[in-house]
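Below is one structure, written out as structure tokens, with a few remarks after it.
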Protein chains: 2
Amino acid sequence: MRCTPQRFVVMEHLMRHPVHATAEEIYQAVNRTDPRASRATVYNNLHALMKAGLVRELPVEGNATRFDANVKRHHHFVCENCGRVEDIDWFDSPHLARRSTLGGRVVRDYEMVIRGTCETCSQQLEEEAKCLN
Amino acid sequence: MRCTPQRFVVMEHLMRHPVHATAEEIYQAVNRTDPRASRATVYNNLHALMKAGLVRELPVEGNATRFDANVKRHHHFVCENCGRVEDIDWFDSPHLARRSTLGGRVVRDYEMVIRGTCETCSQQLEEEAKCLN
DNA sequence: GTCCCTGCAAACGGTTTGCACCCGG
DNA sequence: CCGGGTGCAAACCGTTTGCAGGGAC
């Protein structure tokens with residue numbers, strides 16, 4: 001796979017902003033450095049990078065797919081307030097760590113999806129609560 | 001919230017088929033009993049049921065949203081072969097069970113997303129492997 | 001010259017919205 | 001009546017596709 005300017009910007013954005021951007025956000029970033037870049041190219045590159053195993057889609061609800069350049073095994077935290085998705089360092093699940101089957105199913109991988117309020121939003125909400133008192 | 005025929009069919013389908021249907025699949029089911037039913041109504045009802053806390057969206061990748069009428073806490077298994085999503089009985093994560101924060105984050109809930117091959121697909125793949133020998 | 005990559009525009013599919021109508025209270 | 005629920009059609013938005021160039025090797 002060649003490293004074209006557009007492809008580079010896509011990858012760079014994902015690595016620099018571990019906030020798991022949507023395709024649109026990446027398109028905006030690419031567009032800032034190269035206003036002629038197109039959405040199709042962003043999608044092409046995201047798929048190319050996914051096939052190469054450098055990027056993956058995130059399993060979180062929401063209309064727009066989010067992408068992740070973190071290849072290391074890790075969990076995800078979803079802020080229910082702002083929608084941001086953050087990486088959480090890996091920890092094993094004792095129930096699954098040494099296990100390759102579950103009922104008749106073959107287990108290949110697993111991850112945790114944790115939901116709550118991110119640090120920024122927590123602080124904001126706390127501020128607002130103070131104001132009300 | 002009133003229990004209209006259409007709303008009933010939506011809820012019934014989700015409860016009877018714990019395979020986490022997409023909106024389209026639910027629409028097909030509703031349509032079978034009432035050919036005049038519209039997609040808009042299915043979406044209306046899915047949202048109404050979600051607001052009422054009887055149904056929720058699933059955190060799995062894929063273009064079409066999947067819905068779940070299982071309110072009990074549980075994990076999810078995603079078949080990488082056929083895309084089916086199955087419920088897995090709840091088990092705690094020792095890392096998270098008694099914890100309400102994670103870094104500066106407030107944790108409200110968590111769940112496991114397990115990926116692999118479902119029972120049906122495993123058997124099929126095994127069959128095919130046998131044939132090749 | 002070949003092949004991969006790009007940009008554009010149109011198509012696509014899932015979801016949402018606006019609106020008129022209907023039915024139950 | 002009023003308000004929520006319905007059906008239809010159009011709009012919307014994220015994504016995909018077809019296709020004609022262009023640049024790297």
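All values below come from the heavy atoms of this structure, side chains included, with hydrogens, waters and symmetry mates left out. Throughout, protein chains are lettered first and strands after them, A, B, ... in sequence-line order, and every chain is numbered starting at 1.
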Interatomic distance, [X] [atom1] vs [N] [atom2] [rounded to whole Å]:
X	N	atom1	atom2	answer
A/Phe8	D/dA24	CZ	P	17 Å
A/Met1	D/dA24	CE	P	18 Å
B/Met50	C/dT16	CE	C1'	14 Å
B/Glu61	C/dG14	CD	C1'	17 Å
A/Leu46	C/dC5	CG	P	14 Å
A/Glu25	D/dC13	CD	P	16 Å
B/Asn44	D/dG4	CG	P	13 Å

Would you say B/Glu25's side chain and B/Thr22's backbone share a donor-acceptor pair under 3.5 angstrom? yes

Taking 4.0 Å as the cut-off, does a side-chain nitrogen or oxygen of [X] come that near to OP1 or OP2 on [N]?
X	N	answer
A/Asn63	C/dT16	no
B/Thr4	D/dG4	no
A/Asn45	C/dT6	yes
B/Tyr43	C/dT15	yes

Please classify the nucleic acid contact of [X] as base, sugar-phosphate, or nothing, using heavy-atom distances under 4.0 Å.
X	answer
B/Ala48	nothing
A/Glu24	nothing
A/Thr41	base
B/Thr65	sugar-phosphate

Ordered by number, residues from residues 27-40 of chain A within less than 4.0 Å of DNA chain C (heavy atoms) are A/Asp34, A/Arg36, A/Ala37, A/Ser38, A/Ala40

Are B/Glu86 and A/Arg105 close enough for a salt bridge, meaning some N to O gap below 4.0 Å? yes

Margin query: I'd like to know if B/Glu57 pairs up with B/Arg66 as an ion pair, taking the criterion as any Lys NZ or Arg NE/NH1/NH2 lying under 4.0 Å from an Asp or Glu carboxylate oxygen.
Written below: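 Between B/Arg66 and B/Glu57 there is no salt bridge, as every charged N stays at least 4.0 Å from the carboxylate O atoms.
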
(message) Please confirm whether the ring centroid of B/Phe91 lies under 6.0 Å from the ring centroid of B/His75.
(response) yes

Quiz item: Between B/Asp87 and B/His76, do the side chains contain an N or O donor and an N or O acceptor separated by less than 3.5 Å?
Solution: yes

What N/O pairs connect the protein and nucleotides 22-25 of chain C at under 3.5 Å? Give each pair on its own line.
none

Against the side chain of B/His47, the closest entry in C/dT16, D/dT6, C/dG7 is C/dT16

Is any side-chain heavy atom of B/Val107 closer than 4.5 Å to a side-chain heavy atom of B/Ser100? no

